[in-house]
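The model shown is predicted, which means the values in this text are computed figures rather than measured ones. Only this structure's heavy atoms are used, side chains among them; waters, hydrogens and symmetry mates stay out. Numbers restart at 1 for each chain; the letters A, B, ... are given by sequence-line order, proteins then strands.
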Amino acid sequence: MIPLELKESLTRAIKRAQRHGDLPAFEMPEDIPVERPKQEDMGEYATPVCMQLARLARMAPIQIAEILVRRLDPPTFIGTVETAHPGFINFRLADDWLTAQIAPIQAAGESYGQLDLGAGQRVQVEFVSANPTGPLHMGSARNAVLGDSIAATLEAAGYEVQREYYVNNAGSRMRLFYETAYARYAQALGRTEEMVPIDGYQGPYMIEMGEQIAEERGDEFLCLPREEALQELGKLALDRVVAGARKDLALMGIEYDCWFSEQTLYTNGQFDTIMSLLRQGDYLDVHDGAVWFMATRLGGAKDEVVVRSDGTPGYFASDIAYHYNKFVERDFDRVIDVWGADHQGHVPRMHHMMQALGLDPSRLTLILYQLVTLKRGDEVVRLSKRTGDIITLREVIEEVGSDAMRYFLLSRSPDSQMEFDLDLAKQQSDENPVYYIQYAHARISSILRHAGAVDYGPADVSLLQHPSELKLLRRMARLPEVIHLAASQLAPHHLTYYAYELASDLHGFYRDCRVVSSEAEDSALTAARLDLVRACQVVLKRVLGLMGMNAPDVM
RNA sequence: GCCCCGGUAGCUCAGUUGGAUAGAGCAACUGCCUUCUAAGCAGUGGGUCCCGGGUUCGAAUCCUGGCCGGGGCACCA
């Protein structure tokens, strides 16, 4: 990657200057910073390193900059190198290098920007994992969008990624869910004396599901002993909810590699394994009738209940067994869990759990995103699954579309709390950035259609010298860096900004440069520009793909 | 009370881990369609980077003390 090569180049220049006596001897800084200048006319890359060296060398920064430029043997992709006050060195990419990128970008196609940052490491991204007690609501949308794009970005960065959904089918909530399902089913068959539990799920979707099951299966569950009926019917209802989640996520183009059942942690022995491991490590304590994980032994603020006094394992027990399964049984190098900020309190105990299992805590990353406030105009929409007052994910997808929803939810950093105004999202749908970006892609398709099958002869990319052409090329060449940034920070919102800027450069180019010329003497230029827009389309499609958005040919 | 995340243009938010004159989109205003899609382009206005103090060549960014908003501190998940 370009910044890395510049660092190496600069390091060599410093050493060379020292060897020749231009600079005094001093210890090389750990890192040579290479950044992007704020203003376009300063070039594409810059280093402020001379300011840092000024003290070590006891010289003026600008003087050091001039020495380094003289001793620099810049990489071939660099066109010009300049110094600037108070001590910057600015680099500009060479025009002929830029135009030479068109062919490799086209050749790379869908894999343009592919990095080897992950070196094939296996990483699991677990996301959404909402309780399977009803349809997915808007609260899960940000989780879904973040998780899927983080996964895609890591793939692009050279990791082998597995997408996983954790089905919480073993908790105490399940019992209530089963009883609710049973009551609604029985009610649908006229048993009005069956009541939904007070803490049960009041939503209309449960009524609907009860009716559907009653219609399809008749009264067969009423004929079973109650406990058996609860289990059988409950399982059926659970499967329906999970299938519904799968369908909703598929509407956003999200497909999982694995739907992991919490229940299997208990039937396949992982729970027993971690209990004996923790016991061996002397991390367990029994008091007040419950079994506790002694997080305080590892610096935690308080101990945590693993097995309740009624003998049932708690949520944390499943978490430990689940992560043992991920790291030890399935041997992932890294695991990323995407959680809402309401789970932030669990972060310390997860690290303590890793330590207790003898695993390096840095292999587990917990992405916490701030919750989304849903609004309709000025009104805040409260979300509660149990009162049934929910806005479902599906409703919003149908209202604003998958692409718009993904773009909006992705475009803010996970740390920022955000408002999602349903009215505004609808109202702005023609003026929103989603269409601006997609239009750039469609616009290129349109140009290519217009060019048709005419043979313009060989392309001479050296004819691409217009500032708008070069600006576009500079942006296209940046994608690998953006992927690097998004992958290393696990921050896919950088993709949205890049995509917008790329689209903007394409639109500017379109204004300034006519692609398909009818003049015979322009054919070499036309061929070159067609190559340019084809390559640009590859980049647009690639970044849209990483964001999980469609790249339409017609709008 | 303690812990986590925010506070940047009228609004919604970026700011590449400490660099140059703090950016973008919406909203407002002014222009541009007879040629590859005007879902586009060009331009204008808009700032106490929440408030003190500190660290250094240099702070929106780091440390510290406040203020405001959100979330969390269960044998719930």
Side-chain angles (χ1 to χ4, degrees), chain A residues 3 33-39 42 46-49 51-52 54-55 60-61 84-88 90 130-131 133 168 171-174 199 288-292 301-302 304-310 312-316 318-319 340-348 368-371 373 408 411-421 424 428-440 442-452 481-482 484-486 488-489 491 493-494 496-497 500-501 503-504 506-508 510-518 526 529-530 533 554-555:
Chain A
V34 171
E35 57 193 32
R36 301 196 62 84
K38 287 192 171 154
Q39 308 226 320
M42 294 167 176
T47 179
V49 72
M51 263 88 83
Q52 291 172 18
R55 179 188 288 174
H85 281 281
F88 289 95
N90 294 335
N131 283 333
T133 53
N168 290 115
S172 58
R173 287 278 162 88
M174 268 301 115
D199 294 336
D288 299 330
V291 181
W292 300 72
K302 60 183 173 60
E304 306 282 351
V305 168
V306 181
V307 181
R308 303 186 195 101
S309 53
D310 67 1
T312 60
Y315 172 86
F316 188 42
S318 291
D319 263 353
D342 53 339
H343 288 72
Q344 63 183 247
H346 303 178
V347 173
L368 294 173
Y369 61 90
Q370 298 298 312
L371 301 181
T373 312
F408 275 119
S411 63
R412 280 90 166 108
S413 114
D415 283 339
S416 88
Q417 33 187 109
M418 55 181 293
E419 292 181 351
F420 195 96
D421 187 332
L424 204 62
Q428 284 188 344
S429 62
D430 273 358
E431 272 301 324
N432 83 42
V434 177
Y435 300 102
Y436 181 87
I437 296 164
Q438 291 181 321
Y439 182 54
R443 200 165 220 184
I444 292 172
S445 293
S446 170
I447 294 170
L448 296 177
R449 276 193 301 272
H450 185 257
E481 283 168 50
V482 175
H484 180 97
L485 179 68
S488 56
Q489 294 190 348
H493 67 277
H494 293 296
T496 65
Y497 288 87
Y500 190 92
E501 287 159 358
S504 174
L506 185 276
H507 291 311
Y510 179 89
R511 170 206 61 214
D512 292 334
C513 304
R514 172 93 197 167
V515 177
V516 181
S517 169
S518 46
T526 293
R529 285 180 172 167
L530 283 170
V533 296
V554 181
M555 287 177 71

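- Considering only side-chain atoms of A:Y500, the nucleotide from B:G19, B:A24, B:C75 that sits closest is B:A24.
- Where A:Y315 and A:Q52 meet RNA chain B, the nucleotide closest to each residue was compared, and A:Q52 sits on the side nearer the 5' end.
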Given protein heavy atoms under 4.0 Å, the one-letter contact record of nucleotides 2-14 of chain B, with B base, S sugar-phosphate only and - none, is simply -BBSS-----SSS

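- Between B:G10 and B:G45, the two P atoms lie 15 Å apart (nearest whole Å).
- In this structure A:Y510 satisfies the ring-ring contact (aromatic ring centres under 6.0 Å, His included) test with no other residue, sequence neighbours excluded.
- With both ends at atom P, the span from B:G58 to B:A20 equals 14 Å, rounded to whole Å.
- We find that CD of A:E35 is positioned 17 Å from P of B:U61, with the value rounded to whole Å.
- Nucleic acid contact for A:A442: base, since at least one base atom lies under 4.0 Å from a heavy atom of the residue.
- Nucleotides B:C4 and B:G47, compared at atom P, are 35 Å apart to the nearest Å.
- Atom-to-atom, CG of A:N131 to C1' of B:A77 comes out at 6 Å; the value is rounded to the nearest Å.
- For A:H493, there are no ring-ring contact (aromatic ring centres under 6.0 Å, His included) partners, not counting sequence neighbours.
- In terms of modelled atom types and a separation under 3.5 Å, the side chain of A:H507 and the main chain of A:Y436 share a donor-acceptor contact.
- Proximity note for A:H450 (side chain, C-beta onward) versus B:U16, B:G72, B:C36: the nearest is B:C36.
- We find that NE2 of A:H343 is positioned 11 Å from C1' of B:G72, with the value rounded to whole Å.
- To the nearest whole angstrom, the two P atoms, one in B:U44 and one in B:G69, are 39 Å apart.
- Using a 4.0 Å heavy-atom distance criterion, A:A341 is classed as a sugar-phosphate-only contact.
- With sequence neighbours excluded, the residues that form a side chain to side chain donor-acceptor pair (under 3.5 Å) with A:E481 are A:Y45.
- Distance alone, capped at 3.5 Å, places no donor-acceptor pair between the A:R412 side chain and the A:Q417 backbone.
- For A:S517, the side chain to side chain donor-acceptor pair (under 3.5 Å) partners are A:D522, not counting sequence neighbours.
- The interatomic distance linking A:E481 (CD) with B:G15 (C1') rounds to 16 Å, in whole Å.
- Glycosidic torsion of B:U34 falls outside 90° of 0, placing the base in anti.
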Classify every nucleotide of nucleotides 40-48 of chain B by which part a protein heavy atom approaches to under 4.0 Å, writing B for the base, S for the sugar-phosphate alone and - for neither, in 5'-to-3' order.
SSS------

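- If you check every strand for non-hydrogen atoms under 4.0 Å, A:A46 touches a base.
- Within 4.0 Å of A:A84, counting heavy atoms only, lies at least one base atom of the nucleic acid.
- Residue contacts shown for A:D512 are absent, as no nucleic acid heavy atom lies under 4.0 Å away.
- Atoms CE (A:M42) and C1' (B:G23) sit 14 Å apart, rounded to a whole Å.
- Mapped onto RNA chain B by nearest heavy atom, A:L448 and A:G171 fall at different nucleotides, with A:L448 at the one closer to the 5' end.
- Residue A:V347 is classed as having no contact, given no heavy-atom separation below 4.0 Å to the nucleic acid.
- Nearest nucleotide to the A:V515 side chain, out of B:C36, B:G19, B:U16: B:C36.
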Working note: A:V347 + A:L368, criterion side chain to side chain contact (heavy atoms under 4.5 Å, CB included); need CA distance, chi angles, decisive distance, verdict.
CA-CA 9 Å; A:V347 173; A:L368 294 173; 3.7 Å; yes

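- Shortest non-hydrogen contact noted between A:A503 and A:I437 is CB-CA, 3.8 Å.
- Nucleotides B:G19 and B:C76 place their P atoms 47 Å apart, quoted to the nearest Å.
- Here the side chain of A:T526 pairs a donor or acceptor atom with the backbone of A:V515 at under 3.5 angstrom.
- Nucleotides B:U56 and B:C11 have their P atoms positioned 37 Å apart, rounded to a whole Å.
- Under 3.5 Å, the side chains of A:T133 and A:N131 contain no donor-acceptor pair of N or O atoms.
- A donor-acceptor pair under 3.5 Å is formed between the side chain of A:T47 and the backbone N or O of A:P33.
- Taking 3.5 Å as the limit, the base of B:A20 and the side chain of A:N90 contain a donor-acceptor pair of atoms between them.
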